[in-house]
Amino acid sequence: MTVYERKPSVARKFLMAGRGGLNITHSEPLDRFIARYGEAADRLGPIIGAFPPQSLCDYCAALGEETFVGSSGRVFPKSFKASPLLRALLGRLSANGVRIETRATFEGFSESGALLIADARGERREIAADATILALGGASWPRLGADGGWVERLRVKGVEIAPLLPANCAVVIDWPADFAKAFEGTPLKTIALRHGEARSLGDIVVTRRGIEGGPVYALASALGRALARGEGATLHVDLRPSSMAEALAQRLARPREKQSMASFLRKTLRLTKLEIALLRLCGPLPQAPDALAERVKNLPLAIVATAGLERAISTAGGVRFAALDDDLMLKKLPGVFVAGEMLDFDAPTGGYLLQASFSSAFVAARGAARRLRLAEPK
Ligand SMILES: Cc1cc2nc3c(=O)[nH]c(=O)nc-3n(C[C@H](O)[C@H](O)[C@H](O)COP(=O)(O)OP(=O)(O)OC[C@H]3O[C@@H](n4cnc5c(N)ncnc54)[C@H](O)[C@@H]3O)c2cc1C
């Protein structure tokens with residue numbers, strides 16, 4: 001068995017994920033976990049079920065990396081790193097006789113269905129494999145290796161692929177220059193964001209070109225899709241999600257006396273300089289308490305774009321499930337299986353991306369083993 005990897009070393013994105021502590025999966029109940037995959041939940045459900053979060057934790061433990069559940073329910077290796085797990089995994093592959101060939105790029109299939117593999121000098125070889133598992137990633141952070149170059153190579157074979165779009169990424173806002181200069185790097189703490197029916201809560205940060213942070217990432221794909229459809233994409237910010245508008249309006253109805261509006265807002269609602277500047281971005285502050293409270297609860301921000309694939313944490317889109325059988329084998333290319341972020345799913349951060357990659361790898365490997373009548377992975 002041979003792994004072909006285009007980069008000089010394997011698993012660069014996995015190691016990058018390790019820099020943030022390697023949130024490998026999540027401990028919530030399985031039905032809630034699977035619902036996080038949204039439209040892909042029906043197809044990913046049985047795949048996650050075949051190798052669920054507990055199996056992934058057991059697998060890590062068997063490789064010498066115990067995991068633990070953080071306060072948010074997210075699961076991490078105790079070392080908070082990817083490198084010890086990767087070292088152990090590579091050791092196991094080597095012990096099982098798996099060869100890894102780096103600087104070897106998959107360039108599609110020959111007429112006869114053989115794999116075309118190019119070396120660093122661009123010289124191509126044809127490999128007639130008994131079974132192939134493609135795990136070429138999405139297209140985010142392309143400098144780490146996965147650049148979506150496989151899309152055309154599979155499309156010419158008639159494989160249906162949903163366009164690759166950035167997911168879990170920052171969004172771009174056309175801030176006035178003086179606003180960006182004054183507030184770049186400033187956090188907005190414990191706010192809620194809403195786009196249509198979808199809501200997310202947490203902390204975000206203002207950047208020179210927009211905003212970033214967990215709640216932004218959670219809504220970025222939906223915003224990207226709205227923009228791609230040519231619709232306006234607006235995010236509504238609730239600066240005080242734990243208070244009802246009526247309660248805020250009551251506090252704002254107190255006499256202001258000689259205070260400036262800014263110091264009145266600072267004292268009554270504990271709004272920060274950034275929050276007050278945001279409220280002013282969409283016009284002069286309303287004087288009526290109800291209208292002012294409404295702006296605090298429902299501040300519209302026009303999103304002009306989502307950040308590009310270069311810095312997105314993941315990729316939405318990919319090989320459509322309709323193009324695959326239940327073993328994740330391509331219907332148009334018997335013997336070729338697909339796993340990981342190449343698949344057409346989108347999920348929030350929280351361990352769902354790596355879990356889906358491991359679970360789909362398990363199902364694809366089991367499918368390949370069945371096809372070759374080998375012992376199935378457990
Ligand atoms: C900054 C960052 C932090 C992240 N943190 C987390 C996290 O904490 N938790 C989480 O669940 N997810 C996280 N992710 C997402 C997670 O890392 C990915 O979902 C996961 O790595 C996808 O695995 P994959 O094997 O499908 O693709 P990849 O990890 O991208 O691997 C694909 C491999 O295929 C190789 N390749 C591509 N094309 C070719 C070709 N033509 N020929 C040969 N080789 C090729 C690439 O070089 C690469 O090594 C993070 C991502 C980023 C960018």
Side-chain angles (χ1 to χ4, degrees), residues 2-26 33 36-37 48 53 56 60 67 70 72 74-77 80-82 85-86 89-90 100-109 115-120 122 124-125 127 132-154 164 166-170 212 214 217 307-319 328 337-362 364-365:
T2 306
V3 175
Y4 297 100
E5 164 60 55
R6 70 186 313 182
K7 286 287 182 183
S9 61
V10 296
R12 292 180 172 209
K13 190 175 284 176
F14 186 68
L15 290 171
M16 174 62 91
R19 286 206 198 164
L22 198 72
N23 175 198
I24 198 148
T25 187
H26 200 287
F33 188 104
R36 305 283 178 194
Y37 296 99
I48 302 290
L56 181 50
C60 292
T67 53
S72 58
R74 295 174 181 221
V75 177
F76 302 87
F80 262 125
K81 286 188 196 153
L85 188 57
L86 179 62
L89 189 53
L90 293 176
I100 296 182
E101 201 179 311
T102 54
R103 296 188 167 92
T105 303
F106 163 74
E107 292 197 333
F109 297 94
L115 292 176
L116 298 173
I117 300 290
D119 64 19
R124 258 189 187 179
R125 275 172 296 152
I127 314 277
T132 301
I133 298 175
L134 296 177
L136 305 170
S140 70
W141 280 74
R143 68 184 176 82
L144 298 176
D147 64 356
W150 51 266
V151 168
E152 273 322 300
R153 286 167 184 144
L154 292 191
L164 304 189
N168 289 305
C169 59
E212 64 182 31
Y217 301 157
L309 280 161
E310 290 70 30
R311 300 290 293 210
I313 287 179
S314 61
T315 309
V319 175
L328 296 177
F337 298 78
V338 178
E341 230 181 277
M342 284 180 79
L343 296 169
D344 179 17
F345 73 89
D346 184 12
T349 54
Y352 306 99
L353 300 160
L354 283 172
Q355 178 69 53
S357 299
F358 277 100
S359 296
S360 57
F362 176 87

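Order of appearance sets the numbers: ligands from 1, and atoms from 1 within every ligand.
- Distance from atom 37 (C) of ligand 1 to its nearest protein heavy atom, with residue and atom name: Leu136 O, 3.3 Å.
- Of the protein's non-hydrogen atoms, the one nearest atom 52 (C) of ligand 1 is Ile313 O, 3.8 Å.
- Applying the ring pair (Phe, Tyr, Trp, His ring centres under 6.0 Å) test to Phe362 and every residue at least two apart in sequence or in another chain returns Phe51.
- The single protein non-hydrogen atom nearest to atom 6 (C) of ligand 1 is Ala17 CB, 3.6 Å, given as residue, atom name and distance.
- Close contacts between ligand 1 and Ala135 involve ligand atoms 32 (C), 33 (C), 34 (O) [criterion: under 4.0 Å to a heavy atom].
- The closest approach between any non-hydrogen atom of Trp141 and ligand 1 is below 4.0 Å.
- Within the 4.0 Å heavy-atom cutoff, Ser140 does not count among the residues contacting ligand 1.
- Here the side chain of Asp346 pairs no donor or acceptor atom with the backbone of Pro348 at under 3.5 angstrom.
- Selection from Tyr352, Tyr4, Phe106 by nearest heavy atom to atom 41 (N) of ligand 1 gives Phe106.
- One N or O on the side chain of Lys13 and one on the backbone of Ser140 form a donor-acceptor pair closer than 3.5 Å.
- Proximity of Glu341 to Ser314: side-chain heavy atoms (C-beta onward) are separated by under 4.5 Å at one or more points.
- Taking every heavy atom of both residues into account, Met342 and Leu134 meet most closely at SD-O, 3.5 Å.
- Take Arg6 and apply the salt bridge (charged side-chain N to carboxylate O under 4.0 Å, His left out) test, not counting sequence neighbours, and it matches Asp147.
- The protein heavy-atom contact nearest to atom 35 (C) of ligand 1 is Glu5 OE1, 3.5 Å.
- Other residues, nucleotides and ligands place no more than 12 heavy atoms under 6.0 Å from the NZ atom of Lys81.
- Ala146 CB, 3.4 Å is the protein heavy atom nearest to atom 30 (O) of ligand 1.
- Within the 4.0 Å heavy-atom cutoff, Gly351 counts among the residues contacting ligand 1.
- Under a 4.0 Å criterion applied to the non-hydrogen atoms of Lys7, ligand 1 contributes the atoms 47 (O).
- Atom 29 (O) of ligand 1 has Lys13 CB, 3.7 Å as its closest protein atom, hydrogens excluded (heavy atom only).
- For atom 16 (C) of ligand 1, the closest non-hydrogen atom of the protein is Leu354 CD2, 3.9 Å.
- Closest approach of Gly21 and Pro77 over heavy atoms only: O-CD, 3.8 Å.
- Within the 4.0 Å heavy-atom cutoff, Val10 does not count among the residues contacting ligand 1.
- Of all atoms in ligand 1, listed by their number and element, those nearer than 4.0 Å to a heavy atom of Asn23 are 7 (C), 8 (O), 9 (N), 10 (C), 11 (O).
- Ligand-side atoms of ligand 1 in range of Met16: 1 (C), range being under 4.0 angstrom from any heavy atom.
- Without hydrogens or angle criteria, Thr315 side chain to Ala139 main chain gives a donor-acceptor distance under 3.5 Å.
- When each atom of ligand 1 is checked for a heavy atom of Gly145 under 4.0 Å away, the hits are 37 (C), 38 (N), 46 (C), 47 (O).
- Looking only at side-chain heavy atoms (C-beta outward), Tyr4 and Thr105 stay at 4.5 Å or farther from each other.
- Nearest protein neighbour of atom 36 (N) of ligand 1, counting heavy atoms only, is Arg6 CD, 3.8 Å.
- No side-chain heavy atom of Glu101 sits under 4.5 Å from any side-chain heavy atom of Glu5.
- For ligand 1 and Gly137, the ligand atoms under 4.0 Å from any heavy atom of the residue are 26 (O), 27 (O), 30 (O), 32 (C).
- Between Thr349 and Asn168, the side chains place no donor N or O within less than 3.5 Å of an acceptor N or O (distance only, hydrogens not considered).
- The part of Ala104 lying near ligand 1 is the backbone, judged by heavy-atom distances below 4.0 Å.
- Between Tyr352 and Tyr37, the ring planes lie perpendicular to each other; the angle is over 60°, past the 30° to 60° tilted range.
- Near Gly340, with a cut-off below 4.0 Å to any heavy atom, the atoms of ligand 1 are 26 (O).
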